[in-house]
Number of protein chains: 2
Amino acid sequence: MADPKRARIQDVAEQAGVSMMTVSRVLNQDKKVSDKTREKVMAVVEQLNYRPNVSARRLASTKSFFLGLLYDNPSDSYISQFLLAALKKCRALGYHLVVDEAHTDIDKTIESVKQLIDVTQVDGMILLPPMCDNEQVLDVLTKANVPFVRITPDTKLNRSPYICMDDYQAAFDVTEHLINQGHSKIAHIIGDTKQGVSRLRYQGYLDALRSNKIITPPEYIEQGSFTYQSGMEAAIKLLSLDDKPTAIFAANDDMAAAVISIAQKQGINIPSELSVVGFDDTQLATIVWPNISTVKQPINEMAELAITLLASGQYNDLSNVKSLDLRHILDFELIERESSSANKNN
Amino acid sequence: MADPKRARIQDVAEQAGVSMMTVSRVLNQDKKVSDKTREKVMAVVEQLNYRPNVSARRLASTKSFFLGLLYDNPSDSYISQFLLAALKKCRALGYHLVVDEAHTDIDKTIESVKQLIDVTQVDGMILLPPMCDNEQVLDVLTKANVPFVRITPDTKLNRSPYICMDDYQAAFDVTEHLINQGHSKIAHIIGDTKQGVSRLRYQGYLDALRSNKIITPPEYIEQGSFTYQSGMEAAIKLLSLDDKPTAIFAANDDMAAAVISIAQKQGINIPSELSVVGFDDTQLATIVWPNISTVKQPINEMAELAITLLASGQYNDLSNVKSLDLRHILDFELIERESSSANKNN
DNA sequence: ACTGAAAATGTTAGCGCTAACAACAAATTT
DNA sequence: AAATTTGTTGTTAGCGCTAACATTTTCAGT
């Protein structure tokens, strides 16, 4: 199989009858090219299927075409999905992703981020929770003038562009959906108080009940911590109540899975006697039986958008960016599976 | 903070009083450098903390310093862990990892792999299961002369270097451990028959019983398919037997989790009345309660070794490599958690 | 039409490294 | 001692691209 020699910028230039520099400008979105030339060049680019040589580009330019990703908690399938989507997008845009794991020791994390900036010269960073709320990390990046995008941050929302979904609205919708299915005895297991989303989800639940004029006894609210174990404890309490709920909305899938396990142990049928809804749509939601109804975060879209934003360079200088333009709220999706159904016990 | 300008190969050369080429040779493990010079250069490299510029190196050399990773099944936390470890090692060795997801349509996968070879010019590929057993993929790589390492392959073991663990021995050890804990009524849930590991694990289980002179009724063997659902069905059958097993060894964690769920539903205490052991040490093993005793695969080591082997170039020409040298078997680890314990019902 | 500024395009040099070959020194043979 | 071989180091050119500056074209304003 003859190697069809990858086209170089020179080939494009010759074919299009312009200089290499003009081609370079077209490819780098430089404004100073006439539309006519741009079209002509792009046509040749298509024709020759030209892709810039990342290494040559990196070597010659001040940009590094590297983006950094700082994550925590590697066991989460969330990371895995985010990472894969980010890698894909990077590849499409001619960037490389340098992945760095946060240390439990924050000082080491800071050191590692500094190294990343110094050695790899990243053009931008993506910060995943909970690192995205760490003041020290933010300061290091700001000082080094490295643009960064934060994913579902909890605080300091005007310090950088960020991407999130509307946790409040999702919780509201979940709760209202249960109400529409005939449930009025709806319990909630709150997530880890240290994470902002727990608050938002709880508030969405409360407001959905209130706007539907449903009064809920305080025993229907249990404090969890996002772990399976805490979900079990909460479930045991909720299911020992004299006036049992007909639906339990857990603030994440792990706790929802625990509820299902406890309910089944007690001979309570799911979903006919008890509807269970989770949050996140992690792998667990489709492993256990019955599969968990849940809220799906747009993880892929978040990852892609983060890369796109950093690659565009539009946040390289934040001084002129309005705080409203920092916010990117993506759509979630309610996923109905076998763990919830209409209430037939009325 | 003054930017301490990264050292270049020229800086090293001047400081060491040699030519740039000599430094380059030292760095690329070229044999034709005297020990004295090598040491001198390395000392300066250390002193200046010199790291080669990957882009310049890639641009100038015939190697691409890209390695490819072909995976399947992105939801698995196995992938995530493997990927992170591989990325880390790549970074340490100055390589970049290009990650490609296998399509459900095999023709598209082939096309994608061809692209990877053509466009990215990868120096090597890592194939994860089950793609590592796909003849077409193997053929494409062989034809294009791209070295590849396969992870836990099932067949054609002499076609390429591969990395795996001893599934047979692990299953043997798990079973023997249960026997040593006083269990003699040990059931097994076999994994998906399409995967070679299922066979190996089953055989290990059988041989451990045999070598301990334990006779097991055929009802103790159930066929599963690695899914939670199949684990539930198997568990229901096993726990409805008149002479119930005191221990169940499931061929993966998902099925073990299902067994725990069913047992608890039936009021059977784990581990005092029933020990459950899984395989793989996936996230699930520590999510459910009680945590699942299981076998941990050395995923990180596998990933690191795969990268190291490809980066070393030692498999660039397979014609002189003995088939024994293709095999890399790594150690597994038995992890004892709360789902299993000594048998007290004797 | 003539000027000046702005817009569009071209030219030159070099980013940091290695392939290919050249040159030299040391070891070995004739 | 000269000739050959072997081992080690140096020189030159160029990988594909872009920064910075140079030049040409366009077009308004007079």
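Numbers restart at 1 for each chain; the letters A, B, ... are given by sequence-line order, proteins then strands.
When only modelled atom types and interatomic distance are considered, B/K156 and B/Y162 share no side-chain donor-acceptor pair under 3.5 Å.
Closest-nucleotide positions on DNA chain D for B/A56 and B/V33 were compared, and the one nearer the 5' end corresponds to B/V33. Mapping B/M21 and B/L59 onto DNA chain C by nearest heavy atom places B/L59 at the nucleotide closer to the 5' end.
For the OP1/OP2 pair of C/dT18 and a distance below 4.0 Å, the side-chain nitrogens and oxygens of B/S61 include no atom meeting the criterion. Between B/S34 and D/dT8, a side-chain N or O to OP1/OP2 separation shorter than 4.0 Å is absent.
At a threshold of 4.5 Å between non-hydrogen side-chain atoms, the residues A/T37 and A/T22 count as touching. In this structure, B/D154 and B/P129 have side chains that are not in contact, with every pair of non-hydrogen atoms separated by 4.5 Å or more.
A straight line from CG of B/N53 to C1' of C/dG16 spans 6 Å, rounded to a whole angstrom. Atom NZ in B/K63 sits roughly 9 Å away from atom P in C/dA19 (whole-Å rounding). Whole-Å rounding puts the B/K36 NZ to D/dT9 P distance at 8 Å. Between A/F65 atom CZ and D/dT18 atom P the separation is 7 Å, expressed in whole Å. Counting to the nearest Å, the P atom of D/dA20 and the CG atom of A/N28 are 14 Å from each other. The distance between atom NZ of B/K40 and atom C1' of D/dT8, rounded to the nearest whole Å, is 12 Å. Between the C1' atom of C/dA19 and the CZ atom of B/R58 lies a distance of 18 Å, rounded to the nearest Å. In this structure, the CZ atom of A/R38 is 9 Å from the P atom of C/dT9, given to the nearest Å.
Relative to the side chain of B/R57, the nucleotides D/dT9, C/dC17, C/dA19 differ in distance, and C/dC17 lies closest. For A/A60, taking side-chain heavy atoms from C-beta onward, the closest of the listed nucleotides D/dG16, D/dC15, C/dT9 is D/dG16. Proximity note for B/T22 (side chain, C-beta onward) versus C/dC17, D/dG10, D/dC17: the nearest is D/dG10.
In this structure, B/S61 contributes its side chain and B/R57 its backbone to a donor-acceptor pair below 3.5 Å.
Among the atoms of the strands shown, only primed sugar atoms or phosphate atoms (P, OP1, OP2) are found under 4.0 Å from some heavy atom of A/Y50. Using a 4.0 Å heavy-atom distance criterion, A/S55 is classed as making no nucleic acid contact.
Ion pairing between a basic and an acidic side chain is recognised when a charged N comes within 4.0 Å of a carboxylate O; B/D133 and B/R159 show no such pairing.
Residue side chain A/R25 reaches the base of C/dG10 through a donor-acceptor N/O pair under 3.5 Å, judged by distance alone.
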